[in-house]
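Okay, so here's the structure we're looking at.
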Amino acid sequence: EAGTRIYFKPRSDALKSGKDKERVELNVNGMILAKSNSLTSPIIFTSESKKAQMNDWYGITIKNFYDQSILQNCIVEFAYKGITCYGSAPIISGGEVRFNHNSGISCEVKAAPIISNLLLMGNGFAGINCELASNPIISGCTISDNNYGVIIFSRSAPDLGTVPLDEKKSKGENRISNNFDSDVYNHSNNPIYAQNNSWISTNPRLIPPVIHDKSDNPAYGEVIYLPVFTESRPVVQPPVVIAAAQPVTSLTTEGSSRNLVSVIPQASVFEDTTATPAEQTAADTIPPLLTTLNESSRQEDEKVST
């Protein structure tokens, strides 16, 4: 139900089972229905730790291809992989997938999720990872501050936006920018359609440097990004849920008290590479938690590179 919070004990697994025998994971072989109708009352999957960190728990893995799971206006954070779609096709809409050690959403083994209106940010490896012939449909998402925005391997071919528009395909309208390595990295030999999206700039000549594809390595497929989405309107992010300044206590199943969370609205406007005074003001008000976690992600990337 809306407002539900599911806490995972950090870096432990009482059963010593599953993909990671050292971390709690939620494996869905049937169907999960987590549906909230309000961004201000999301369903939260998070670490139980008061000082939560990336990789505290493993994440949610959805394996059933025939029964469609739904995650609507959910927050999934501080896991190894936030959501893994393993040969499945869930609907994931609204909410945030953030601060996960590896991927926000990992699409694997012919997975075909429908991903829309989601904020994917601060994930250590990628906002969305596609591998092993996966074909997600991605639209209306904000993908930023990950190492890679979207990365594509092997025979995968995500649909990030196809023109002319077709109701069975992505309408685009994603905002893909400010990812540390590449906004889209095509490591497959398939052409990837990423049309009708907003990038670092509305100038098409400034977009190729943030895309890694055939122009960088002839073995890879092309990323088709023209035309770009040029509608002039502010980009308003969903509310950012962080620890409350004035803690509100509740009882866990063990009877101990812990802090709930409060919803703090945050909006920012990104139209081009040059920040306006309003944009700079928005950037200066980013919560300390976000700054700290982004720095942690960069340090993790440096270790991997070393």
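Not measured: the values here are computed from a predicted model.
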Could you check whether any side-chain N or O of [X] sits under 3.5 Å from a backbone N or O of [Y], counting only pairs where one atom can act as donor and the other as acceptor?
X: N196; Y: K171; value: yes
X: N186; Y: V223; value: no
X: N179; Y: N146; value: yes
X: E25; Y: D20; value: yes
X: R23; Y: K21; value: no
X: S156; Y: S134; value: yes

Working to the nearest 0.5 Å, report the span between [atom1] of [X] and [atom2] of [Y].
X: I143; Y: N197; atom1: CD1; atom2: CG; answer: 8.0 Å
X: N123; Y: N129; atom1: CG; atom2: CG; answer: 11.0 Å
X: I62; Y: S88; atom1: CD1; atom2: OG; answer: 5.5 Å

### Task
State whether K9 and E48 are salt-bridged, where the test is any N-O pair (Lys NZ or Arg NE/NH1/NH2 against Asp/Glu carboxylate O) under 4.0 Å.
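Salt bridge between K9 and E48, a charged N being under 4.0 Å from a carboxylate O: no.
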Q) Should the pair K169-D166 be classified as a salt bridge under the 4.0 Å nitrogen-to-oxygen rule? A)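 Not counted as a salt bridge, because no side-chain N and carboxylate O are separated by less than 4.0 Å.
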Is there a path of hydrophobic side-chain contacts, each under 4.5 Å between heavy atoms of I/L/V/M/F/W/Y residues, joining [Y] to [X]?
X: L71; Y: Y58; value: no
X: I192; Y: I207; value: yes
X: I176; Y: V228; value: yes
X: I83; Y: I43; value: yes
X: L226; Y: V210; value: yes

*Checking side chain to side chain contact (heavy atoms under 4.5 Å, CB included) for the pair E222/D213: CA distance, chi angles, key distance, verdict?*
CA-CA 5 Å; E222 181 184 3; D213 66 351; 4.0 Å; yes
Can you find a side-chain donor-acceptor pair between [X] and [Y] that sits under 3.5 Å?
X: D181; Y: N147; result: no
X: T46; Y: E77; result: yes
X: S47; Y: D56; result: yes

Kindly state each residue pair satisfying ring-ring contact (aromatic ring centres under 6.0 Å, His included) with at least one member in residues 129-148, sequence neighbours excluded.
->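 Those involving residues 129-148 are F125-Y148, Y148-Y185.
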* Decide yes or no on side chain to side chain contact (heavy atoms under 4.5 Å, CB included) for K19 and K81, but give the supporting numbers first. => CA-CA 11 Å; K19 185 79 172 178; K81 292 181 180 179; 5.9 Å; no
Notebook entry, point to check: Would N174 and C141 count as a side chain to side chain contact (heavy atoms under 4.5 Å, CB included) if you check the C-alpha gap in whole Å, the side-chain angles of each, and the deciding distance to 0.1 Å?
Noted result: CA-CA 5 Å; N174 298 291; C141 293; 3.4 Å; yes
- L119 and M121: which non-hydrogen atoms are nearest, and at how many Å?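 Reported closest heavy-atom pair: CD2-SD, 3.6 Å.
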* Step-by-step side chain to side chain contact (heavy atoms under 4.5 Å, CB included) determination, N190 to I152 -> CA-CA 9 Å; N190 292 324; I152 304 107; over 6 Å; no
Q) Per the side-chain contact (heavy atoms from CB on, under 4.5 Å) rule, which among D67, N64, L26, I70 passes with I32? A)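 Among D67, N64, L26, I70, the one that satisfies the side-chain contact (heavy atoms from CB on, under 4.5 Å) with I32 is L26.
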Sequence-distant partners of S116, side-chain hydrogen bond (donor to acceptor under 3.5 Å, both in side chains), two or more places apart =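 side-chain hydrogen bond (donor to acceptor under 3.5 Å, both in side chains) check on S116 returns nothing, list empty.
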Heavy atoms of other groups near [X] [atom1], more than 12 under 6.0 Å:
X: F153; atom1: CZ; answer: yes
X: K16; atom1: NZ; answer: yes
X: Y86; atom1: OH; answer: no

message = Among H187, K214, H212, which residue satisfies the side chain to side chain donor-acceptor pair (under 3.5 Å) criterion with Y220?
response =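 The side chain to side chain donor-acceptor pair (under 3.5 Å) with Y220 is passed solely by H187 among H187, K214, H212.
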